[in-house]
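Comments concern the structure below.
Every chain is numbered from 1, with letters handed out A, B, ... down the list of sequences. Just so you know, these numbers use all the heavy atoms, side chains as well, and skip hydrogens, waters and symmetry mates. Keep in mind that what you see is a predicted model, and the values were worked out from it rather than measured.
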Protein chains: 2
Amino acid sequence: MYTVKEVARITGLTEHAVRFYTDKGLVPSVQRNQNNFRMFDEESINWLHGIKCLKQSGMPVDVIKTYIDLCIEGDSTIPQRYTLMMEHKEDALAKLEEAKLHVAHLEEKTALYQDILENRSPDTTNPAHWDRIQHMHGDVFYSRSATR
Amino acid sequence: MYTVKEVARITGLTEHAVRFYTDKGLVPSVQRNQNNFRMFDEESINWLHGIKCLKQSGMPVDVIKTYIDLCIEGDSTIPQRYTLMMEHKEDALAKLEEAKLHVAHLEEKTALYQDILENRSPDTTNPAHWDRIQHMHGDVFYSRSATR
DNA sequence: ATAATACCTTCGTGTTACACGAAGGCAAGA
DNA sequence: TCTTGCCTTCGTGTAACACGAAGGTATTAT
């Protein structure tokens, strides 16, 4: 039997997180002793490892809760778990695309700043640069600051 | 001069977001009329477009606030803005890597579920499958549900 | 004149996943 | 006995709004 501090060390979670997951009902096998202390056995630790693993895939806690409840129900829920996991994968892919867009945006912004700093600001009369200029017009923070 | 509703339509932001940004001080040129209504001019709308653009790069609001304050200070702050943008780009790249990891995790999980559903669960005695099995052992939610 | 409408305002709460500190209980060692 | 070290619950703060409540104001219709 382990205390909060011990499972925190074992699982690599913080004590706060361990209490949080416990109170959310994500750790089915956790119990209390006479002093109302949370007591964890090996099974609890397995669950916590699993929770950590799912968190690493970006799954929100309430979905993890749903997933765990399905696990407890038994093998009959495997198709539902698969569906849930596929849906979550779609979410993750959408976020990945978003992150790519963010980086692409920032590549352009930083490139424009480099041009200014090295006195190589793009030639607005040269059509070869128009797509960068289009971007500038959409980006108030570049054109305003550079022209004022 | 535009009302909240109008700029919301023009910028594509929600009315809530417009009020939120205004109250956070992100829109320097916004003013109030006799009825204490927020009144926006073309310049306000430009700022809001710029805010939207920065949001699309995933920049948090307090950083946008810092950035705008630097813009108002003038061209002398261009190097600081560049630094800020570069730091934000590093954040965005870190998040991109994280998103890739999430997707990779989920590719494996969903693949394992497909194996179960099609009665093709990996052969635990074949060393060729050991890296998948290692992953299974790390994933309580797979091994527990599949073995119980 | 009055009532309906269409705006606007400022609260205040809920969301996610904890972090952090406060105030207090319990058991063991110096 | 007092300190140490563990635990408990409770309450606040974070980010970026969403949403609703309660109320003010201006225009329009009857």
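Rounded to a whole Å, the CG atom of A/Asn36 is 18 Å from the P atom of C/dG24. The CZ atom of A/Phe20 sits 16 Å away from the P atom of D/dC10 (whole-angstrom rounding).
Using modelled atom types, one side-chain atom of A/Lys52 and one backbone atom of A/Thr11 make a donor-acceptor pair closer than 3.5 Å. At least one donor-acceptor pair under 3.5 Å links the side chain of B/Thr83 to the backbone N or O of B/Pro79. Not one N or O on the side chain of B/Thr77 forms a donor-acceptor pair closer than 3.5 Å with the backbone of B/Gln80.
The phosphate of D/dC17 has OP1 or OP2 within less than 4.0 Å of a side-chain N or O from B/Lys55. When the side-chain nitrogen and oxygen atoms of B/Tyr21 are compared with OP1 and OP2 of D/dA16, none of them lie within a distance under 4.0 Å. Regarding contacts with the backbone of C/dT10, a side-chain N or O of B/Arg32 is found under 4.0 angstrom from either OP1 or OP2. Look at A/Arg38 and you won't find any side-chain N or O under 4.0 angstrom from OP1 or OP2 of D/dC7. Remark: B/Thr14 is not in phosphate contact with D/dC17, judged by side-chain N or O atoms under 4.0 Å from OP1 or OP2. A/Asn35 has no side-chain polar atom (N or O) that falls below the 4.0 Å cut-off from OP1 or OP2 of C/dG25. When the side-chain nitrogen and oxygen atoms of B/Thr3 are compared with OP1 and OP2 of C/dC8, one or more of them lie within a distance under 4.0 Å.
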query: What's the verdict on side chain to side chain donor-acceptor pair (under 3.5 Å) for B/Ser44 and B/Asp41, showing C-alpha distance, side-chain angles and the deciding distance?
result: CA-CA 5 Å; B/Ser44 329; B/Asp41 56 11; 2.5 Å; yes
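Ring planes of A/Tyr113 and B/Tyr82: tilted class, angle from 30 to 60°.
Annotation: the terminal axes of the helix from C/dA1-D/dT30 to C/dA30-D/dT1 meet at 40°, where each axis is the rotation carrying the C1' atoms of four end pairs onto the next four (5 pairs per end, rounded to 10°).
Along DNA chain D, the nucleotide nearest B/His16 and the nucleotide nearest B/Asp62 are compared for position; the residue whose nucleotide lies closer to the 5' end is B/Asp62.
Taking CG of B/Leu54 as the reference point, atom NE2 of B/His88 lies at 7.5 Å (rounded to 0.5 Å).
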